2 protein chains.
Amino acid sequence: MDTLETRELRYFMAVAEELHFGRAAERLGMAQPPLSRAIQQLERRLGVSLLERNRRGVSLTDAGEVLLHEGRAALDATTAAARRTQRAGGAQMSGGPRKRLVLAVKAGASHELLHKLLDAYAAEPDAVDIEVLPSGTCDQEGMLRDGRADVALMHAPFNSLAGFDSEELMTEGQIAVLPAGHRLAAQRALSLTDISDIPDLPLARWSRRGTYPPGPGPEIHDQTQLAQLIALGRTVAVFPDSARAWLWAEHTAVPLTDAPPVVTHIAWPAHSRSLALAGLIRTATRL
Amino acid sequence: MDTLETRELRYFMAVAEELHFGRAAERLGMAQPPLSRAIQQLERRLGVSLLERNRRGVSLTDAGEVLLHEGRAALDATTAAARRTQRAGGAQMSGGPRKRLVLAVKAGASHELLHKLLDAYAAEPDAVDIEVLPSGTCDQEGMLRDGRADVALMHAPFNSLAGFDSEELMTEGQIAVLPAGHRLAAQRALSLTDISDIPDLPLARWSRRGTYPPGPGPEIHDQTQLAQLIALGRTVAVFPDSARAWLWAEHTAVPLTDAPPVVTHIAWPAHSRSLALAGLIRTATRL
DNA sequence: CCCTGTCATACCTGGTGGGTATCACCGGGC
DNA sequence: GCCCGGTGATACCCACCAGGTATGACAGGG
């Protein structure tokens with residue numbers, strides 16, 4: 001059969017990610033035996049073995065690998081359905097905000113564009129409330145996928161637009177943000193190689209899903225933290241032009257000649273049919 | 001809570017589509033009272049009213065409308081996960097086909113391209129079996145979405161590529177297919193207006209999701225049927241150039257000067273990670 | 001050799017999904 | 001006006017199964 005209950009998917013995802021029944025069960029807030037049994041039943045129903053039970057641990061079969069990816073998408077779509085439904089209906093009963101759109105943005109990025117967009121949209125006759133949801137972790141894709149957001153500002157090439165509809169809004173170059181007193185801060189322009197190997201100024205390393213790329217630079221997970229470390233002369237970082245908006249007095253921005261341009265898009269789930277969303281997109285493309 | 005069991009989604013979709021608890025229950029193979037109760041529980045859990053129970057029938061609230069669309073996507077993603085997992089795992093146990101990719105195509109379209117693609121791919125060293133799944137109903141989108149297919153040939157502007165990754169393969173003009181003896185069959189070229197209002201040759205009307213657009217022409221749901229009606233001098237139809245491959249002796253093809261070009265794409269789910277699929281796409285783009 | 005950590009098995013229990021019977025309500029016919 | 005047909009909701013019951021606890025089987029390491 002091709003049923004496949006949400007609960008079973010949740011269970012399998014937990015096991016597939018932990019590769020350990022005990023820890024997975026703990027994460028799910030249940031005991032280990034029923035979890036084992038549920039996975040066995042799932043395997044029997046699908047007629048496919050998903051996990052290789054080696055002594056000492058568990059590993060995924062090819063089919064398990066497929067279910068891990070496809071199941072993630074399915075679970076995201078399911079929770080998105082629940083979230084968006086609640087948002088659509090919450091309005092009509094509580095006297096709260098009539099209708100809301102949740103717009104995911106990268107915290108601190110494209111301030112000016114965002115401001116213009118929100119102002120222009122608010123002036124539209126049929127505008128609804130826009131809730132801006134800033135994400136420090138650059139996870140606008142996930143937010144669209146699991147329904148935490150209805151629409152997002154994304155930045156190629158950092159975000160992938162795969163699976164979404166999108167419109168291009170703005171293209172900008174990138175800058176190196178240096179301590180004001182540093183010798184390179186006096187330059188007119190720099191290249192990526194100029195700043196990638198400065199012994200006294202190692203490039204900052206952003207956290208990606210909790211892990212950091214290797215290198216000598218400080219580990220960063222927060223823009224303010226980074227701004228401070230730059231101001232203290234400890235590191236250097238690369239940002240889109242629009243980051244000039246939040247620079248401190250102790251910072252100096254120098255254009256990068258060979259950094260890839262950053263393209264800001266407005267993106268939304270491909271199947272979306274919301275009129276409010278269509279209005280926001282229309283406004284955005286007219287900016 | 002943001003749970004939302006697959007079963008509940010299935011139930012809601014049935015009611016939302018039928019707008020009738022009794023018929024929905026019948027379609028689901030269950031009795032009406034438990035279905036009513038399940039929907040009530042769903043509404044309470046989400047804290048949102050989904051259906052307006054008017055005396056004499058049911059209608060959707062705004063939130064219900066949203067759940068109808070989002071839920072369809074979620075259910076499709078779920079059954080896609082099940083189907084693709086079974087395909088990935090079916091190979092390893094039964095001695096059957098090692099690994100399969102299912103390629104959805106519009107029945108009868110792009111014969112030559114398809115042939116070249118399959119031949120070229122079969123010559124690749126790491127080729128897997130390709131199962132060609134022809135669809136008479138032009139529903140390649142749905143096939144990709146619910147996992148019946150892994151990859152599809154789609155034809156803009158007839159199919160929407162929204163939500164998929166795709167690569168352009170071929171662009172072609174369109175032709176009018178006329179009865180060989182008709183006076184217009186002698187022309188070198190025609191425009192859409194030339195053929196849209198011929199009293200003795202009304203344009204054929206294709207079925208779209210079971211309904212037909214209004215007009216005087218015959219109702220068509222099958223290519224052979226259409227071919228026969230043209231050969232009999234009863235109707236005229238518009239096709240991409242590549243349709244010349246299956247024309248009969250009694251048919252005459254005349255190029256259309258102002259018909260939009262047809263672009264054939266190869267398309268696949270945006271999140272797909274299959275190596276076999278990547279190989280097929282690479283072959284296709286090299287054609 | 002036993003101890004430890006793993007997942008599987010055995011068995012029991014409570015919650016709940018589903019069935020049947022019935023109600024409440026309304027609109028339409030005569 | 002009355003009754004009838006058709007709607008969804010309610011009441012009640014039962015059986016199934018998700019989940020818990022206790023325990024087993026099995027391998028690797030001291």
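Chain naming here is simple, since letters A, B, ... match the order of the sequence lines and numbering starts at 1 in each. When reading the values below, keep in mind they use all heavy atoms of this one structure, side chains included, and skip hydrogens, waters and symmetry mates. The shown structure was predicted, so the numbers you read here are calculated from the model rather than taken from an experiment.
Contact check, A:Gln40 against C:dT9: a side-chain N or O comes under 4.0 Å of OP1 or OP2. A sub-4.0 Å separation between OP1 or OP2 of C:dT16 and a side-chain N or O of B:Gln41 is absent. Side-chain nitrogen and oxygen atoms of A:Ser36 include none within less than 4.0 Å of the OP1 or OP2 phosphate oxygen of C:dC7. One finds a side-chain N or O of A:Arg53 lying less than 4.0 angstrom from the OP1 or OP2 phosphate oxygen of C:dA8.
Under a cut-off of 6.0 angstrom, the local environment of CZ in B:Arg23 is crowded, with over 12 non-hydrogen atoms contributed by other residues, nucleotides or ligands. For A:Gln32, the CD atom counts as densely surrounded, since its 6.0 Å shell holds more than 12 non-hydrogen atoms of other residues, nucleotides or ligands.
Distance A:Arg7 CZ to C:dG17 P: 11 Å, rounded to the nearest Å. To the nearest angstrom, P of C:dG18 lies 10 Å from CD of B:Glu8. A:Leu35 places its CG atom 15 Å from the C1' atom of C:dT9, with the value rounded to the nearest Å. Rounded to whole angstrom, the span from the CZ atom of B:Arg45 across to the P atom of C:dT16 amounts to 11 Å. Between B:Glu5 atom CD and D:dA18 atom P the separation is 11 Å, expressed in whole Å. Taking atom CG on A:Leu50 and atom P on C:dC7, their separation rounds to 15 Å, with Å as the unit. Nucleotide D:dT10 holds its P atom 10 Å from the CZ atom of B:Arg44, rounded to whole Å. We find that CD of A:Glu26 is positioned 11 Å from P of C:dT6, with the value rounded to whole Å.
The base of D:dG19 is paired with the side chain of A:Arg37 by a donor and an acceptor separated by under 3.5 Å. Side-chain N/O atoms of B:Gln32 and base N/O atoms of D:dA9 include a donor-acceptor pair closer than 3.5 Å.
A donor-acceptor pair under 3.5 Å links the side-chain atoms of A:Glu5 to the main chain of B:Arg7, judged by distance alone.
Both A:Pro34 and B:His20 lie close to DNA chain D; mapped to their nearest nucleotides by heavy-atom distance, the more 5′-ward contact belongs to B:His20. Comparing B:Pro33 and A:Ala31 by the nucleotide of DNA chain D that holds the closest heavy atom to each, the one mapping nearer the 5' end is B:Pro33.
Atom CD of residue A:Gln140 and atom CG of residue A:Leu161 lie 10.5 Å apart, to the nearest 0.5 angstrom.
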Original post:
Can you list the steps and then say if B:Ser166 with B:Met154 is a side-chain contact (heavy atoms from CB on, under 4.5 Å)?
Top reply: CA-CA 9 Å; B:Ser166 64; B:Met154 307 236 248; over 6 Å; no

